[in-house]
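Report on the structure given below.
First listed ligand is number 1; within each ligand, the first listed atom is number 1. No experiment lies behind these values; they were computed from the predicted model shown.
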Amino acid sequence: MIPLVNLDRLHHELHDELLDAMDAVLRSNQFIKGPFTERFEAEFAASHGLPGENAVACSSGTAALYLALKTAGVGAGDEVLVPANTFIATAEAVCHAGARPVFVDICPATYGLSIESAARAVSPSTRAIIPVHLYGNPCDMGKVLSLADGHHLTVIEDCAQAHLARFKGRPVGTIGRFAAYSFFPGKNLGGCGDAGLVVCRSAEDADMVRRLADHGRSQKYTHDIVGHNLRMDAIQAAVLSVKLKYLPQWTRTRRAHAAAYDGALDSLGLKRLVPTAAAEPVYHLYVLEVERRDRFQAALREDGVVTGVHYPVPLHLQPAFSDLGYVRGDLPEAERAADRVVSLPICGALQDNERDHVLAQVTAAATGHL
Ligand SMILES: *Cc1c(COP(=O)(O)O)cnc(C)c1O
């Protein structure tokens, strides 16, 4: 079976290095905060051309989004623009902050948020916008910033799928006021457990995020505000420091596979994601559209290829958000995509012969009776 993401192979290759890193934490007894998280913050910030103090390690991508929203002062009575096609965490964080997610339709070429739809959704209560660099493809941040500037909205980039992606030569995550990263194991950079990080453009914001994530603490027993326990643990930081060194290489591998997929799908006439102009995507997922998805996925599975669907239900139609009053037809592009998108295996550990096998099976399925 060719899995969507081959963590087995990736961890097999790094096995000794990862065990050494975990062992160093065990021997140090510094499991929470301390040198391992500080080191990872500095390394991750440096990979974005920022000083370490601007990066705050935390417990998950969801926590990172929440901490950014709280630091921006988003709360009860506020609205936050969120694309309907994303993982549910993007909208959950808005609800946890006490605000209301307002769902925005997507652009059919990039599957990312549509600026026109976002502009129509702005109201006097809108306080923030969360552009999600979905599947690792950067949003057009020029358009996002001009919409946000015009309405005084805080921009929080959801970079959970877009580590090291760039827009106009600039790393995503350094363009908005905040950026939220996830290191869930299956992400382009993943821990051996849950972890996340907030990148802040200003050191003052970073200081607030750090306090909120650590019991509102300014000193050991001085708590200025009521905070949370949303810290990253040191084992995850040590693992992530090891893996960060390999991320550029894994990203090159993903791009090479994506280029091969692009060429083959174009000659088959299948619709696939077309990256944003001036963007350098990192292909967290490789997404195309097919007519009869169930049969397509079943045919590939029979031939040893696992596929995925990201995401089968747009957020405005999720039961969890039924009280927001959306109905089918409200966001037609997101709904259309949800019925048709399918993700092919891609990761830093995918081999060329496996990719060619995937392509042969996609070709057979697409030119057969599907
Ligand atoms: C994974 C993901 C998150 C949430 O990250 P966790 O670390 O799992 O909490 C948020 N947004 C997007 C787009 C994601 O893919």
Worksheet item: Which residue holds the protein heavy atom closest to atom 1 (C) of ligand 1, what is that atom called, and what is the gap in Å?
Response: K187 NZ, 1.5 Å
Worksheet item: Considering only the protein, which heavy-atom contact is closest to atom 11 (N) of ligand 1, and what is its distance?
Response: D158 OD2, 2.8 Å
Worksheet item: Which of the atoms in ligand 1, numbered in the order shown and given with their element, are less than 4.0 Å from a heavy-atom of V132?
Response: 13 (C)
Worksheet item: Which is closest to atom 15 (O) of ligand 1 by heavy-atom distance: Q161, H284, H133?
Response: Q161
Worksheet item: Backbone or side chain, does any N or O of G61 fall under 3.5 Å from an N or O of ligand 1?
Response: yes
Worksheet item: With side chains defined as the heavy atoms from C-beta onward, is the minimum distance between R272 and D262 less than 4.5 Å?
Response: yes
Discussion item. For A89, which part has a heavy atom under 4.0 Å from ligand 1: side chain, backbone, both, or neither?
Written reply: side chain
Worksheet item: Can we say D23 and R27 salt-bridge, meaning some charged N sits less than 4.0 Å from an Asp/Glu carboxylate O?
Response: yes
Worksheet item: Of all the atoms in ligand 1, which lie at a distance below 4.0 Å from a heavy atom belonging to A160?
Response: 2 (C), 3 (C), 10 (C), 11 (N), 12 (C), 14 (C), 15 (O)
Worksheet item: So is there a nitrogen or oxygen of D194 less than 3.5 Å from a nitrogen or oxygen in ligand 1?
Response: no
Item to complete: Taking the side chain as every heavy atom from C-beta outward, state whether V199 and F178 have any atom pair closer than 4.5 Å.
Response: no
Worksheet item: Hey, is D224 close enough to R217 for a salt bridge, meaning N to O under 4.0 Å?
Response: no
Worksheet item: By number and element, which atoms of ligand 1 are closer than 4.0 Å to a non-hydrogen atom of T90?
Response: 11 (N)
Worksheet item: Which ligand 1 atoms does S60 reach within 4.0 Å, using its non-hydrogen atoms?
Response: 7 (O), 9 (O)
Practice prompt. Looking only at distances, please establish whether an N/O atom of ligand 1 is found under 3.5 Å from an N/O atom of T86.
Written response: no
Worksheet entry | Sidechain-backbone polar pair: H133 side chain, C139 backbone, donor-acceptor under 3.5 Å | yes
Worksheet item: Side-chain contact, heavy-atom cut-off 4.5 Å: L4 with H310?
Response: yes
Item to complete: Would you indicate whether the side-chain heavy atoms of F321 and I88 approach each other to under 4.5 Å?
Response: yes
Discussion item. With heavy-atom distances below 4.0 Å as the criterion, list the atoms of ligand 1 near T62.
Written reply: 4 (C), 5 (O), 6 (P), 9 (O)
Fill in: By ring-ring contact (aromatic ring centres under 6.0 Å, His included) - contacts of F184 (at least two apart)
none
